[in-house]
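Right, one structure below, let's go through it.
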Amino acid sequence: MKKALLSILLGTSLLVAGCGTSSVTGSGGDDEKKLIMGTSADYPPFEYIDTAKGEEIIGFDVDLANALAEKIGYEIEVKDMEFSGLIEAVKGGQVDLVLAGMTPTEERKESVDFTEIYYVAKDMIVYKDGTPISSEEDLAGLTVGVQLGSIQEDSAKELAEQYGFTVESRNRIPELVQEVVNGRFDAAIIENTVAKGFMENNKDLKGYTMEVDEEEAGSAIAFPKDSELTAKFNEALQEMKDSGELDELVNKWFGDANEK
Ligand code: ARG
């Protein structure tokens, strides 16, 4: 009896303490290995909360993480946080990996390791119908929103010097879109596949894809530095590329948004 109670207590504390480590969960028998995936669920169709079903986080990245993990014998648990905190979360071990449509920049590579790229997109300038914007020149004197900690924030700051506009950052993509809709921002820079979804739900929004080639934003999976999981996930990713499984997932979640 005492022993049973102890193992229950131990089991619970293991679950709590086990957060962020690739630990064996459960107090006995069940030795499924679990990985905590950090993401920022404000980014449909990469990751978002399926409001129809409650609080569940779904999307391309979630499907991809599950498929990859399954190939190498892990389970994924998704944890939602702010995009700007994700790198620190991997680095500090609060999460085991990050899939968040995240681009493997040189700066981030100083803190984490990345797998190969699994998807490539471009950026869009999104604005309210009627705003006279058709190229970056037209942004002069305007206010342009970006997500805090994103590569869009970096490139906006560079472009702002060249074209003379003000950059404002927000934590979550829907906040950005809201600021454009209510007129506080004149425009926002958002990845094209994500922007398209918001534009479909709000016919007042228009946008154009930016022609700056170097802004091509690939997504890759982040792991703590020197994690042995990076190579394992790369292998599984290659397998999915070769078998067509990755293409299937891309079609499922991006459909014709994928044709640029
Ligand atoms: N690809 C961009 C970056 O790496 C933006 C990603 C934003 N992701 C998100 N889940 N909100 O900075």
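In what follows, every heavy atom counts, from backbone to side chain, and hydrogens, waters and symmetry copies are set aside. When a ligand or atom number is given, it counts from 1 through the structure's own listing order. For the single chain, residues carry numbers from 1 onward in sequence order.
The ring of F83 has its center no closer than 6.0 angstrom to the ring center of Y43.
The single protein non-hydrogen atom nearest to atom 9 (C) of ligand 1 is Y43 CG, 3.3 Å, given as residue, atom name and distance. Nearest to atom 8 (N) of ligand 1 among the protein's heavy atoms is A100 O, 2.8 Å. For atom 2 (C) of ligand 1, the closest non-hydrogen atom on the protein side is Q152 OE1, 3.4 Å. Counting protein heavy atoms only, atom 6 (C) of ligand 1 is closest to G101 O, 3.3 Å.
Using modelled atom types, one finds no donor on one side chain facing an acceptor on the other under 3.5 Å when comparing E82 with S84. When only modelled atom types and interatomic distance are considered, D242 and Q238 share a side-chain donor-acceptor pair under 3.5 Å.
For the pair K232 and E235, the salt-bridge criterion is not met [side-chain N within less than 4.0 Å of a carboxylate O]. Between E77 and K79 there is no salt bridge, since no side-chain nitrogen of the basic residue lies less than 4.0 Å from a carboxylate oxygen of the acidic one.
Remark: ligand 1 atoms within the under-4.0 Å shell around heavy atoms of S150 are 12 (O). Remark: ligand 1 atoms within the under-4.0 Å shell around heavy atoms of M102 are 4 (O). If you number the atoms of ligand 1 from 1 as listed, the ones under 4.0 Å from a heavy atom of D42 come out as 9 (C), 10 (N), 11 (N).
Residues V112 and V98 have side chains not in contact (no heavy-atom distance under 4.5 Å, counting atoms from C-beta outward).
Between R172 and ligand 1 there is no heavy-atom distance shorter than 4.0 Å. Remark: distances from the non-hydrogen atoms of F83 to ligand 1 include one below 4.0 Å.
Every salt bridge (Lys or Arg N to Asp or Glu O under 4.0 Å) that D113 has, sequence neighbours left out, goes to K225.
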